[in-house]
Asker: 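Can you keep this structure in mind? I'll have questions shortly.
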Amino acid sequence: VRYALYGSREYLAAHPGKDLAKHRVLGTPAGQQTIEAQWLARLCPGVRPAFSSELSTALLGAVKAHAGVAVLPCYLADEEPSVRRLAMPDEPSEAVWLTVHKDLKQAPRVRVLLDFLVAQFKADQRLLAPSAWNA
């Protein structure tokens, strides 16, 4: 799953540029060791979010309300027409793991779910995978 920095079109028009020190940053609560928080700390050391939430949907809502910029999963924000991606260096990504006990892997109800999930991940690859994977 890949992540990027997003702001609403209106917010970014009023606050141009990529210098995060000049933006209202929205993020996860202090002390969180999420991939988003770690990347944001590297981009803007000492950043203190103006708004924080553990929920990506809450951060997306704040972005849509023109509250600032936030690191969001691309599968969520790329599909939202009111927000724009602010390209930054070394955008993070992380793997999605699904584990199943080997004795259950071929059980019909489990197999149906696994096959469905694999098909959905393949269908949504452009939203989930890092850009280099989509080349």
Side-chain angles (χ1 to χ4, degrees):
V1 175
R2 61 189 167 106
Y3 296 83
L5 191 65
Y6 295 88
S8 71
R9 293 182 186 279
E10 292 83 354
Y11 175 85
L12 293 175
H15 303 86
K18 294 183 179 184
D19 182 357
L20 291 183
K22 296 180 180 178
H23 285 282
R24 286 190 310 264
V25 176
L26 317 171
T28 55
Q32 296 274 329
Q33 292 301 311
T34 63
I35 193 167
E36 303 100 302
Q38 292 171 5
W39 182 58
L40 198 54
R42 283 194 309 273
L43 287 176
C44 190
V47 67
R48 295 177 61 159
F51 169 78
S52 62
S53 176
E54 294 179 350
L55 302 174
S56 295
T57 52
L59 291 169
L60 177 60
V63 166
K64 288 168 52 176
H66 322 301
V69 295
V71 179
L72 297 167
C74 296
Y75 69 81
L76 185 65
D78 281 354
E79 295 297 289
E80 178 53 54
S82 66
V83 303
R84 198 176 110 223
R85 188 175 183 163
L86 188 58
M88 299 298 278
D90 303 318
E91 292 173 336
S93 64
E94 62 185 343
V96 174
W97 290 87
L98 177 63
T99 58
V100 177
H101 193 282
K102 64 181 178 180
D103 293 342
L104 296 175
K105 195 164 95 171
Q106 297 304 323
R109 65 179 179 229
V110 174
R111 189 77 253 155
V112 166
L113 176 63
L114 292 175
D115 292 344
F116 170 78
L117 291 172
V118 167
Q120 287 306 121
F121 274 82
K122 285 181 180 178
D124 293 334
Q125 185 174 6
R126 71 177 179 80
L127 295 173
L128 296 170
S131 301
W133 295 358
N134 292 333

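Along the sequence shown, residues carry numbers from 1. Fair warning: this is a prediction, and the values are worked out from it, not measured in the lab.
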Asker: At their closest point, which heavy atom of Pro49 faces which heavy atom of Thr28, and how far apart are they?
Answerer: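 The answer is CG-O, 4.0 Å.
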Asker: Any idea which heavy atoms bring His66 and Ser8 closest together, and the distance?
Answerer: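 For His66 versus Ser8, the nearest heavy atoms are ND1-OG, 2.7 Å.
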Asker: Where is the tightest heavy-atom contact between Ala4 and Arg85, given as atom of each residue plus distance?
Answerer: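 The answer is CB-NE, 3.3 Å.
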Asker: Does anything in residues 2-39 form a ring pair (Phe, Tyr, Trp, His ring centres under 6.0 Å)? List the pairs, not counting sequence neighbours.
Answerer: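 The answer is Tyr11-His15, Tyr11-His23.
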Asker: State, with a plain yes or no, whether a side-chain heavy atom of Gln38 is found less than 4.5 Å away from one of Val71.
Answerer: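 Answer no - side chains too far apart.
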Asker: Write down the atom of Arg24, the atom of Ala67, and the distance for their closest heavy-atom approach.
Answerer: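 Closest pair (atom of Arg24, atom of Ala67, distance): NE-O, 2.7 Å.
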Asker: Do the non-hydrogen side-chain atoms of Leu5 and Leu20 ever get within less than 4.5 Å of each other?
Answerer: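 Result yes, sub-4.5 Å side-chain heavy-atom pair found.
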Asker: In Å, rounded to the nearest 0.5 Å, how long is the span from CG of Leu114 to CG of Leu104?
Answerer: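 Taking CG in Leu114 and CG in Leu104, the distance rounds to 10.0 Å.
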Asker: Just verifying a value: how many Å separate Thr99 OG1 and Lys105 NZ, rounded to the nearest 0.5 Å?
Answerer: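 One gets 12.0 Å once the value is rounded to the nearest 0.5 Å.
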Asker: Answer whether the closest heavy-atom distance between the side chains of Val96 and Phe121 falls below 4.5 Å.
Answerer: yes
Asker: Between Ser93 and Ile35, what is the shortest heavy-atom contact and its length?
Answerer: O-CD1, 3.1 Å
Asker: What distance do Ser82 atom OG and Lys64 atom NZ have between them, rounded to the nearest 0.5 Å?
Answerer: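 Nearest 0.5 Å value for the OG-NZ distance: 5.5 Å.
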Asker: Provide the full list of side chain to side chain donor-acceptor pair (under 3.5 Å) pairs with a residue in residues 45-55, sequence neighbours left out, each pair given once.
Answerer: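 Every pair satisfying side chain to side chain donor-acceptor pair (under 3.5 Å) with a residue in residues 45-55: Gln32-Glu54.
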Asker: Can you give me the closest heavy-atom contact between Leu86 and Gly17, atom names plus distance?
Answerer: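 Looking at all heavy atoms of both residues, the shortest contact is CD2-O, 4.1 Å.
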Asker: How far does CG of Leu113 sit from CZ of Arg109, to the nearest 0.5 angstrom?
Answerer: 11.0 Å
Asker: Going by heavy atoms in the side chains, are Leu12 and Val69 under 4.5 Å from each other?
Answerer: yes
Asker: To the nearest 0.5 Å, what is the distance between CG (Asp90) and CZ (Arg42)?
Answerer: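 The CG atom of Asp90 sits 7.5 Å away from the CZ atom of Arg42.
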Asker: Hydrophobic clusters here meaning ILVMFWY residues chained together by side-chain heavy-atom distances under 4.5 Å, can you tell me if Phe116 and Leu98 are in one?
Answerer: yes
Asker: Mind checking the SG-NZ spacing from Cys44 to Lys18? Nearest 0.5 Å is all I need.
Answerer: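 One gets 15.0 Å once the value is rounded to the nearest 0.5 Å.
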